[in-house]
Amino acid sequence: MKIQLQNLTKKFPNRNKKAQGDVIAVDHFTYEIPDGKLIGLLGPSGCGKSTTLNLICGLEKPTEGQIFFGDRDVTKLPPEHRGVGMVFQNYALYPHLSVKQNILFPLENFKGEQKLSKSEMLERASQAAGLVQIEDLMDRKPSELSGGQQQRVAIARALVKMPHVLLLDEPLSNLDARLRLQTREEIRKIQRATQITTVFVTHDQEEAMSISDEIVVMKQGVVQQIGKPQEVYDDPVNLFVAKFLGTPPINIFHGKVQNGRLTIGKAAVLPVSGIPDQEVWAGVRPEGFLLQEDGPLSCSLNGVEVMGRDISIVSTHPDCENTLIRAIAGSENGVNTASETVRFALKPGKVFLFDKNNGERIREA
Amino acid sequence: MKIQLQNLTKKFPNRNKKAQGDVIAVDHFTYEIPDGKLIGLLGPSGCGKSTTLNLICGLEKPTEGQIFFGDRDVTKLPPEHRGVGMVFQNYALYPHLSVKQNILFPLENFKGEQKLSKSEMLERASQAAGLVQIEDLMDRKPSELSGGQQQRVAIARALVKMPHVLLLDEPLSNLDARLRLQTREEIRKIQRATQITTVFVTHDQEEAMSISDEIVVMKQGVVQQIGKPQEVYDDPVNLFVAKFLGTPPINIFHGKVQNGRLTIGKAAVLPVSGIPDQEVWAGVRPEGFLLQEDGPLSCSLNGVEVMGRDISIVSTHPDCENTLIRAIAGSENGVNTASETVRFALKPGKVFLFDKNNGERIREA
Amino acid sequence: KGGQKSFSIPEQLDTSRQYEITFWAKNDTNKTQTDIYKKAITDFQTLYPNITVNLRLYTDYGKIYNDVITNIATDTTPNVCITYPDHIATYLTGNSTVVPLDGLITDPRYGLGGSELLFDSPRQDEIIEQFLEECSLNGQIYALPFMRSTESCYINKTYVEKLGYTLPDTLTWDFIWEVSEAATAKDADGNYLINGQSVMIPFIYKSTDNMMIQMLKQKDAGYASANGEIQLFNDTTTQLLYTIAEHAKSGAFSTFKISSYPANFLNAGQCIFAIDSTAGATWMGTNAPLSDISEEAFVDFETEVMMIPQFDPEHPRMISQGPSVCVFNKKDPQEVLASWLFTQYLLTNEVQIAYSETEGYVPVTSKAQDSPAYQDYLSRCGEDNALHYDVKIKASRLLLDHVDDTFVTPVFNGSASLRSASGQLVEEVTKAVRRKKEVNAAFINDLYDDVASLYHLNESSPASAGKADLGPLPPTAIALLSCLAGAWVLILAYIIRQAMKKLRKT
Amino acid sequence: MKNDNSFSGSGKAWLYLLPAFLFLGVFMIYPLIDVFIYSFEEGYNFASQTSFGTGGYNYSYVLHDPYFLQAVKNTFLLVLITVPVSTGLALLISVALSSVKPLRDLFQTIYFLPYVTNTLAVGLVFMVLFKKTAYSDGLVNLLIHWFGGSSVDFIDGPYWAKMTVLCLYTIWVVMPFKILILTSALASVNQNYYRAAQVDGTSKLRIFTRITLPMISPMLFYLVITGFIGAFKAYSDAVALFGTDLNAAGMNTIVGYVYDMLYGSSGGYPSYASAAAILLFAIVLTITCINLLISRKHVHYI
Amino acid sequence: MGVTMDYRQIEKSEKRHRRITHTLVYILLIFWALVVLFPFYWMLLTSVKSYGSYNAERVPAFWPISPTLQNYADAFTTVPLAGYLLNTLIFTLATTAIMLVVITLAAYAFARLSFRGKNIAFTLLLSLMMIPNELVIITNYATVTNLDMRNTFLGLILPSVTSVFYIYLLKENFELVPDELYRAAKADGTSDFKYLWKVMIPICKPTLVTITILKMIECWNSYVWPRLVTDDPSFYLVSNGIQEIRENGFGRENIPAMMAAVVVISVPLILLFLVFRKKIMEGVSRGGTKG
Ligand SMILES: Nc1ncnc2c1ncn2[C@@H]1O[C@H](COP(=O)(O)OP(=O)(O)OP(=O)(O)O)[C@@H](O)[C@H]1O
Ligand SMILES: Nc1ncnc2c1ncn2[C@@H]1O[C@H](COP(=O)(O)OP(=O)(O)OP(=O)(O)O)[C@@H](O)[C@H]1O
Ligand SMILES: [Mg+2]
Ligand SMILES: [Mg+2]
């Protein structure tokens, strides 16, 4: 089922004595979520992701705007009739029910033709429990589970009823890498197989990018960019999106375009075409640095961090916004940690220029 | 302050009707946490990480074993006298207090010489709030915060009192990448500056490895390996540790050692020395694959995933335990996605052999 | 076993020390009674500045009794209290609770009319003998009478005559029943012929205790012996109950407990014969100074006050009732002496006359009765409808004239219960016919059993009587006990099972 | 850091309990012991403070006394009728109350009013409403007439009529407390669970039975236990309606029986009163124990 | 899942459903409101009737024919009601304050601390609820007398400063506070007492306010005990006043005067309730914690 959000806005009354006006949690969000796709919702903490999910599932009433499921306006439909499944950021497991009862709970709500026999229910429940590997915990109460286990129960509970629309609010935040990967792939697999339209909130951009069909980047309630993950990564529309995606984050330099060249400090680091002379923000992805003995960008070396398969070269530069510049290189690259400076060349496709005033992207002609 | 754990064991009564015996959440954990270090506690969901923290801070009484802070046995000391700071996995903010009051709360507990004046307290609180960027939210109640904002308040609350021992249970799980990185660096900085002995639970091995002085890998309550992060990554003691560390995870092949060579399927992929002929598990790190037109290991290519700065080559092999083999290469590497197979050579330092029976590491002579 | 030591009077009232004494009094029908108590206290305190009297008012003798009982156990009894002789009998079961007054009364200096008194108290022979007699138990005097009254019948003479009867000199039961029956005739609309109203209860008795007691006395039938043997349940009683039932059935008779104050009905023209205490006389009649009902409801009629109905008009019998005062024992004899002085003060003419003028009460001393002030009061009968309200003064006269025809019931520990029981018989029978139940021998039998056990008449004095053989447990009790036992067996079984489970687990 | 192991655990807890136990000890337990002793002293007399022996005669007497048995029967009936009815009704009203917004405050205030007033006064009003006099049948009978019934004397009439009034009055009196407790219990249920259940498509009824009820079960259970105990201790309600002579009215309760025995004429029968009281204590204790055992299964603490 | 859903239909039936339940709910609420209010109306009505017209009323009237405020005037003049009110205020405030401390400590011990014999102690405590007041009052009277506390505020107050009912109620509420907060507070270095004071009490404030008000009302209306231990009018409470007014007027039960007194005495309580209603009804918010 495709979901249309039209001008969706949600305001909360403010409490902050100093600030005034409402907290605008979601601000005129318009977007058509294609049928059967998995959408990743990304953004910094407090940008309105959970609120958006709450609006879609009907737990919050929008201050403005409409929501359509398919062609039908569901803006005023109470949540229990929307047929959505949801994993809450805080799990919201029923504390008085065992894990099994928690998972069975949505199934027991089915009415009419949908109604399942007891054994079918159990079957479905244990299947869902299997997906997230909690078969051993079926008789425990939520309070006797670890954080990750609780989260897995919440996922099983959302999946078990095979909803029309699946909303996942940071469903994997408490899982370890392996389980996270596994679960995320299970979710992806189920989603692909059942074509349930899914919205997946995560702060982990790698996660978002690897499983989403499209990602939506939000900031303070306002959508910044929507697109295929790699497109957004490779072609951010503004400084915020560029900064937001990528770990380690993009490195931002004070730069100048002078005579068709980007200069950082005194060094002309990259030729750019079709951009009038002006001050700019220059963003360089960590993998945009090439270790080069005679590279134009000279930074003072702080150290090298090893991160499993890669090394991260940590350095500083007076014109860099980031306190530390991180450049990623394969761990086979040797860096002389004794030396004081390190010199880089920049890969053109990994460098983006942004307007100094509003942070909008400046594209080469 | 150094912390000594001696034979620390915690059992919970079991609820599972089928299984019997207690749940052993922590099993004879002995370890001396060096003074002023930051220790990362890693392990799959439910392995006993939170329980270990609870034992250290005194919220749970150990079933067995002892805990020393410095030279003092604190096993029976109630938590409020241990002088620890803790961030809970579920935040545990006081719902009736505003953010500011939540952060001030631990300071108000100070007695005697430690006691602070009102203005000092406010100073400290706003400093702590600044670290996690929640200055704007000081007057809100926890229920009016997003998940990530709540988590940040919890961190501020733990840091504000400058405890002797800092315990952090997945403190960053709900933060976006940028904030996560920032906060983790702030924590690291504070820890370095104040030399507070810190235990940091995280499921994110990258996080653990990048900020920990030492990491502890646990499995079902039992410690598997303790050591410097890179050492553990580069030299896992068993299959579990090897599998647990690294994203994407290590790729495990059914292998054989024959005549000093490791063979996978029919192909002899790597020379090994000093290992008697036997069946083994061969683990290859994703970055251990070298794209080579004539490499010995031939896999059927499934696709290529782009993950920002890297590409991940997804393939399958009949002798591989993992459903999918993931090999990581720089995104500058071109892969012919039209071709059906892809051939790899293996980097020797990235391949580990394990006993087929118990998963213990088999080392070359 | 309780016994009362006789009290030895101190040589001299110690005026150097302050004494505080508590006086528990009852004010029943009239606000001015409170003022009279208060005035008496102020006057007394001016005479004896070192004695302070704390007044505590009750509206119910029963409450005083309950509180005294409670306070006997904690040794915090009041010093002086208004009471019924019945109650004193119970107080006496305690050790040295109530001071026997014989010694005090006769003491030449502080006794009645004693030389050291600062006020004019009556001599012993100036107290009406019968009244003082009522206050003696086992040969000793334990109280002084304070006021006396009796019952009288307040009659709507107009209606009696309208029905074609003339009042005899002395009322008889037969006459009352007959007139009452006659008054129950109704017209076609269901209104009573006699008053044209929808309500008419020709005969209402306020205190059914007294009704039964007086009827029995008039018939010379058994009620109780002096030593506490109960004779209430006899054939005469049964006979009387049958009569009462018969008239209750026709609607000719009702009681206060079932209907309401007789005065309200009488004044509204809804009752012809209202029998109530003379102490309630100010409420009775067309011109009653006190009334529960509003002006509009009053009906004009001629009110007659007569002696209660008799079986033998030649030898009328009526009850004597009214509060007495007793003194409680204290450690300090001086305190007791102070209490005694105050008690005596209540018998002075001022107090006696003032109080008796509030209602149809009669002073208990001849000194007061014969005093010019009181005689003047009596003689001005009907001068106004307030202080000299004729019905009230007539009611007082009734007792003054018939002191010799009064009687009191024997007093023993439990006599109060017996009184209640005799009233209860009348109430129950009346209620039963209203509920259309048959009043027959079986009913009466059950009634006697019920009432006897209700008032514990079978074991009037638990301290002296031993255990009775109670026979086998009734089935309900057995059911109750076995339920309890069964429940505990189950609970214990459950707990043990739980414990076993836990044991097995570890 | 100061180590004060010695002061943790039991010691501290008992310190917290000390004031309560002190007061309870002096004003509840000590009198109870007193009563217990009385109950075995045969024929104890308050005034003289003497008895004629010790033994079980008091119990035997009380168990033989038809008025006691009547009181037991009345009390049981009262408990069995009023506790479930009032708790159920209070639950219904509280749920209704929390499901509406407009006028909620007004209703809440109104419902609490009975708690504030003197029960004696309200008892009188009830009596006026139900009593049949020579003049009028009373308001309730008027209503019964309207619906075509014939009038009943509720105050002096047949047993069931009196019991009905007593039950109605008792329910009326206990409702405000129950509504108060239940509405605040309902309000304190974490909204998150409702949200989760709603998203799961749960019907209102099921949310009520599966989420709300278990969540408020501790409070509900509190009301049941205290309701039982309260109803077993009923006395003043009956007095307000039927006057002090409850035995005669056949409407006595166990506590009323105890009270009458204590203060009855002839100096009271404290030993019988004590025996009856101890029996009452045993009955209520039993029922509370059963309640507690049941609650272990059905009450959910979070 | 291929179930087509007609949202318009659902929305419509939902709306109708809601309207029906709303109507039913309001009918129920109004019905009960009437049941509750009627006796009050009756009380007010009676209180403005004169003694005579009340007694003359054969068939109860639903409307005052000639209302009078005389009864209210009487309430203040026939007995020193103002003085009684002051006594009652002192008694009520003191009793409630002490009780709050005592029961909070006890409830906390039962709800949060673990100690040997807790279950037994609690069952014992519960069983104390079963002792009817009528039973212990005589012994208590003896105790208070022996302590020489008759006619003192102490004697009035002390026996009612504990209430098992409220300990139980509070304990149940304390137990609803999530365990995590206790753990967090402990880790923050908070002592048990401080946790009780700074976390438990604020979170359970609605219950505490409820208990306070219930207890105040109880004290305000308490009658049997105050009457027993005081025979000095300078210690009388308003309930004694009601009784006096009821009996004083004409010796017989002066119901209208008594009703007026009851109304006068109830007004402070009703005001109290109105002022604190919001606080009482405030739900315990447990926002900040998961699960
Ligand atoms: N109160 C309890 N009763 C029974 N079992 C418990 C209880 N608390 C924890 N456990 C179990 O103990 C084990 C360890 O729990 P713990 O919370 O320490 O895990 P963890 O390592 O923190 O996991 P996560 O990363 O998912 O939070 C788990 O299997 C959990 O289910
Ligand atoms: N009930 C509320 N009252 C006031 N403000 C609120 C309320 N709920 C949320 N907010 C604010 O609205 C904004 C958006 O909140 P939301 O929960 O949607 O964030 P989020 O994107 O889910 O963040 P996170 O990743 O930290 O969970 C935040 O600034 C939050 O503080
Ligand atoms: Mg969120
Ligand atoms: Mg955990």
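Remember, predicted model here, so these are calculated numbers, not experimental data.
- Within the 4.5 angstrom heavy-atom criterion, atoms from both the backbone and the side chain of Leu128(E) approach chain D.
- Neither the backbone nor the side chain of Leu124(E) comes within less than 4.5 Å of any heavy atom in chain D.
- Note: Phe40(E) leads Phe40(E), Tyr108(E), Trp220(E), Phe38(E) in heavy-atom pairs under 4.5 Å with chain D.
- No part of Leu186(D) comes within reach of chain E, as not one of its non-hydrogen atoms sits under 4.5 angstrom from that chain.
- In this structure, Ile179(D) CD1 and Leu97(D) CG are separated by 7.5 Å, a value rounded to the nearest 0.5 Å.
- Both the backbone and the side chain of Pro102(D) come within contact range of chain E, each with at least one heavy atom under 4.5 Å from a heavy atom of that chain.
- Chain D forms more heavy-atom pairs under 4.5 Å with one residue of Ser127(E), Ala142(E), Ser163(E) than with any other, namely Ser127(E).
- A salt bridge between Arg112(E) and Asp192(E) is absent, with no side-chain N of the basic residue lying under 4.0 Å from a carboxylate O of the acidic one.
- At a 4.5 Å heavy-atom cutoff, the contact between Leu196(E) and chain D is made by side-chain atoms alone.
- Proximity to chain E is limited to the side chain of Phe107(D), based on heavy atoms less than 4.5 angstrom apart.
- Among Leu272(E), Val164(E), Val101(E), Ile270(E), the residue making the largest number of heavy-atom pairs under 4.5 Å with chain D is Ile270(E).
- By number of non-hydrogen pairs under 4.5 angstrom with chain D, the leading residue of Pro159(E), Ala109(E), Ser266(E), Gly117(E) is Pro159(E).
- Using a 4.5 Å cut-off between heavy atoms, Phe177(D) contacts chain E through its side chain alone, with no backbone atom that close.
- A heavy-atom distance below 4.5 Å is not found between the side chains of Phe27(D) and Val136(E).
- Side-chain N or O atoms of Tyr111(D) include one that pairs as donor or acceptor with a backbone N or O of Leu29(E) at under 3.5 Å.
- Ring-centre distance between Tyr168(E) and Phe122(E): below the 6.0 Å cut-off.
- You'll find the side chain of Tyr16(D) stays beyond 4.5 Å of the side chain of Phe110(E), heavy atoms only.
- Note on Val255(D), Thr226(D), Asp34(D): by heavy-atom pairs under 4.5 Å with chain E, the leading option is Thr226(D).
- Put simply, the side chain of Met219(D) reaches to within 4.5 Å of the side chain of Leu169(E), judged on heavy atoms.
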Stepwise side-chain contact (heavy atoms from CB on, under 4.5 Å) test for Phe165(E) and Lys215(E): CA-CA 11 Å; Phe165(E) 272 90; Lys215(E) 182 69 182 180; over 6 Å; no
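- Of the listed residues (Leu158(E), Leu126(E), Ile103(E)), the greatest number of heavy-atom pairs within a distance under 4.5 Å of chain D belongs to Leu158(E).
- Most heavy-atom pairs under 4.5 Å with chain E, from the set Leu106(D), Val258(D), Ile225(D): that is Ile225(D).
- The aromatic rings of Tyr235(D) and Tyr259(D) sit tilted, their planes meeting at an angle between 30° and 60°.
- Note: Val36(E) leads Thr104(E), Ile98(E), Val36(E) in heavy-atom pairs under 4.5 Å with chain D.
- Between chain E and the options Thr288(D), Ile93(D), Val122(D), the largest number of non-hydrogen pairs under 4.5 Å is found for Ile93(D).
- Residue contact with chain E, scored on non-hydrogen atoms closer than 4.5 Å, is absent for Ile283(D).
- At a 4.5 Å heavy-atom cutoff, the contact between Ile229(D) and chain E is made by side-chain atoms alone.
- For the options Val26(D), Val35(D), Ile29(D), heavy-atom pairs under 4.5 Å to chain E are most numerous at Val35(D).
- Looking at Met129(E), both its backbone and its side chain come within 4.5 Å of chain D, counting heavy atoms on both sides.
- A 4.5 Å side-chain heavy-atom check between Lys205(E) and Val209(E) finds at least one atom pair inside the cut-off.
- Counting heavy-atom pairs closer than 4.5 Å to chain E, the top-ranked of the candidates Ala277(D), Pro19(D), Pro114(D) is Pro114(D).
- When heavy atoms are compared at a cutoff of 4.5 Å, Leu292(D) approaches chain E solely by way of its side chain, counted from C-beta outward.
- Using a 4.5 Å cut-off between heavy atoms, Val95(D) does not touch chain E at all.
- Between Trp172(D) and Phe126(D), the ring center distance clears the sub-6.0 Å criterion.
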